[in-house]
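Notes follow the structure.
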Amino acid sequence: MSNAILAVNSGSSSLKFALFAATRQSGEWSNEPLVSGKINGIGRKPMLSEKVNGKPVEISGPLKNIPLEARHGSLIALILERLNSHYSKFNLVAAGHRMVHGGSEFASPVQIDAEVRKKLENLIPLAPLHQPHNLAAIDAITASMPDLPQIACFDTGFHRDMPRLAQLFALPRKLSDDGVIRYGFHGLSYEYIASVMGETLGTVADGKVIVAHLGNGASMCAMLNRHCLSTSMGFTALDGLMMGRRSGSLDAGVVLHLIQQKGLTPDEVWHMLYRESGLLGVSGISNNMKILEESTNPHAREAIDLFCYRAMREIGAMTAILGGLDALVFTAGIGQNSARIRQQICSQLGWLGLQVDADANDRNLSVINAAISEVKICVIPTNEEAMIAAATCDLIAVRK
Ligand code: AMP
């Protein structure tokens, strides 16, 4: 029986899991999972898709027809049962979790005990869309397998050594001293891209690179020598780019206006900024980019244009911070799949030396810049689960 690590990535309405061999072959970690799965549509129409050694498998048992009321905790319990019955040749030795916020205390992966769990729970107000689901997954595994080591891996970790100016808000010093600073998110995705981008970019990977993680949540990271110099998300994952349902950066005066003049409660403002804004709010149609691309409604078009405009503006700002640009990397659902969005963002950056090769872009190739482009443009699929499992493997030192 071979030792395996379960990586768990629980998002607001999805739950990804992946089982990796708990070993490094000659020191090299394999980013290919043995088994991987994703439950989409939690709370609406949950559905599991699963792959074994990269090939889709038929779903049977209780996860074939998931009840509508199932949430992250109960789903994790079902996933553990399924792994035990279908993949019993693997001996689970640890579980690693994506933990969205580590606050000022946690940057590196940490083993979860009662004290750490309590501290992570205290950070819920800073990541209300994700942290409760991350904790529910931990609790469900504790309930089924109390002795299994569980490791929290932080989305904020990659950005913790950002220069101080990139972390500060122009607020009274007391607030910064209290931890009201820019933390940045999607760190596991950036860490993964930083670890593999040399395969696509060669030595350019060690230069001035902007990684655009464009999914339902969207952010960018400016990297120099694969370290973060600046990132677009802030104290919370509400800042920065326009997202599926989140507004991204906003004049704080709008929040005051909504409360003081429009009489909205803080909870109503929360709901508006986290759930009703972004692509959904501007289009009035959907938070789903694919649906908007297929729509002929002018409001869908305007939402897409604003999404691309904001991305283009962020790339300009990050290029200034980097003092130039060697490569732009697209990743996550929109970044990996939407040739139209990549084209539209880059088409506004010709002055910076970016030229897309339309054919390579349409075919979703990994290098999509034209030969004459002064900046390399790439598409690299992210793999947060591999990063979680590798960190978990190292922390518990379960190498064969
Ligand atoms: P993620 O949060 O990384 O899973 O990304 C989800 C987003 O990717 C949604 O807005 C999807 O509509 C978008 N997406 C996935 N595939 C495509 C595609 N082929 N074209 C356009 N958008 C896509």
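A 4.5 Å side-chain heavy-atom check between Met220 and His213 finds every atom pair outside the cut-off. Between Met289 and Asn216 the shortest side-chain heavy-atom distance does not fall below 4.5 Å. Side-chain contact between Ile141 and Val8 is present, with at least one heavy-atom pair separated by less than 4.5 Å. With a 4.5 Å cut-off on side-chain heavy atoms, Phe20 and Ile388 do not count as touching. Contact annotation: the side chain of Asn9 never approaches that of Leu15 to less than 4.5 Å [non-hydrogen atoms, C-beta and beyond]. Thr331 has its side chain out of reach of Val379: every pair of non-hydrogen atoms, C-beta onward, lies at least 4.5 Å apart. Proximity of Leu201 to Val329: side-chain heavy atoms (C-beta onward) are separated by under 4.5 Å at one or more points. Inter-residue side-chain proximity for Arg160 and Ser104 is flagged as met; some heavy-atom pair is nearer than 4.5 Å.
Gly96 and Thr392 make their closest contact through CA-OG1, 3.3 Å (heavy atoms, listed as atom of the first residue, atom of the second, distance).
More than 12 heavy-atom neighbours from other residues, nucleotides or ligands sit within 6.0 angstrom of CD on Glu268. Under a cut-off of 6.0 angstrom, the local environment of OH in Tyr309 is sparse, with at most 12 non-hydrogen atoms contributed by other residues, nucleotides or ligands. Within 6.0 Å of the NE2 atom in His257, the count of heavy atoms belonging to other residues, nucleotides or ligands exceeds 12. Enclosure of atom CE in Met47 is not indicated, since only 12 or fewer non-hydrogen atoms of other residues, nucleotides or ligands lie within 6.0 angstrom. Taking a 6.0 Å sphere around CD of Glu115, one finds it holds 12 or fewer heavy atoms contributed by other residues, nucleotides or ligands. Within a 6.0 Å sphere centred on CD of Glu32, heavy atoms belonging to other residues, nucleotides or ligands number 12 at most.
Here ring-ring contact (aromatic ring centres under 6.0 Å, His included) pairs that include residues 225-255, with residues two or more places apart or in two chains, number zero. Counting only residues at least two apart or in different chains, salt bridge (Lys or Arg N to Asp or Glu O under 4.0 Å) contacts with residues 125-139 comprise Arg117-Asp139. Residues in residues 371-389 take part in no salt bridge (Lys or Arg N to Asp or Glu O under 4.0 Å) pair, two or more places apart or across chains. For residues 232-254, the pairs satisfying salt bridge (Lys or Arg N to Asp or Glu O under 4.0 Å) are Arg182-Asp239, with sequence neighbours left out. Counting only residues at least two apart or on different chains, no ring-ring contact (aromatic ring centres under 6.0 Å, His included) pair has a member in residues 321-359.
Under the 3.5 Å distance criterion, with hydrogens and angles disregarded, no donor-acceptor pair is assigned to the side chains of Ser283 and Glu302. Side-chain contact, Ser219 with Tyr190: a donor N or O sits under 3.5 Å from an acceptor N or O. Judged purely by distance below 3.5 Å, without hydrogens or angles, the side chains of Thr382 and Ser189 pair a donor atom with an acceptor atom.
Residues satisfying the salt bridge (charged side-chain N to carboxylate O under 4.0 Å, His left out) criterion with Glu294, sequence neighbours excluded, are Lys290. Listed by chain and number, the residues in a salt bridge (charged side-chain N to carboxylate O under 4.0 Å, His left out) with Arg98 are Asp155 (sequence neighbours excluded). Residues passing the salt bridge (charged side-chain N to carboxylate O under 4.0 Å, His left out) test with Arg226, sequence neighbours excluded: Asp206. The side chain to side chain contact (heavy atoms under 4.5 Å, CB included) test applied to Ala320 returns no partner, not counting sequence neighbours. Phe90 pairs by the ring pair (Phe, Tyr, Trp, His ring centres under 6.0 Å) definition with nothing, not counting sequence neighbours. For Phe307, the ring pair (Phe, Tyr, Trp, His ring centres under 6.0 Å) criterion is met by no residue, not counting sequence neighbours. Residues passing the salt bridge (charged side-chain N to carboxylate O under 4.0 Å, His left out) test with Arg82, sequence neighbours excluded: Glu50.
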**Item:** Worked verdict on Gln111 versus Gln150 for side-chain contact (heavy atoms from CB on, under 4.5 Å)
**Value:** CA-CA 6 Å; Gln111 184 154 354; Gln150 296 196 66; over 6 Å; no
**Asked** Going through the distances and angles, do Arg363 and Asp359 end up as a salt bridge (charged side-chain N to carboxylate O under 4.0 Å, His left out)?
**Response** CA-CA 6 Å; Arg363 291 163 59 204; Asp359 180 54; 3.1 Å; yes
**Request:** Starting from the C-alpha separation in whole Å, work towards a yes-or-no answer on side chain to side chain donor-acceptor pair (under 3.5 Å) for Asn91 and Asn3.
**Result:** CA-CA 5 Å; Asn91 173 37; Asn3 288 344; 3.0 Å; yes
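Partner of Arg342 under the side chain to side chain donor-acceptor pair (under 3.5 Å) criterion, out of Asn361, Asp362, Asn337: Asn361 alone.
Taking the ring centroids of His101 and Tyr183, they lie under the 6.0 Å cut-off.
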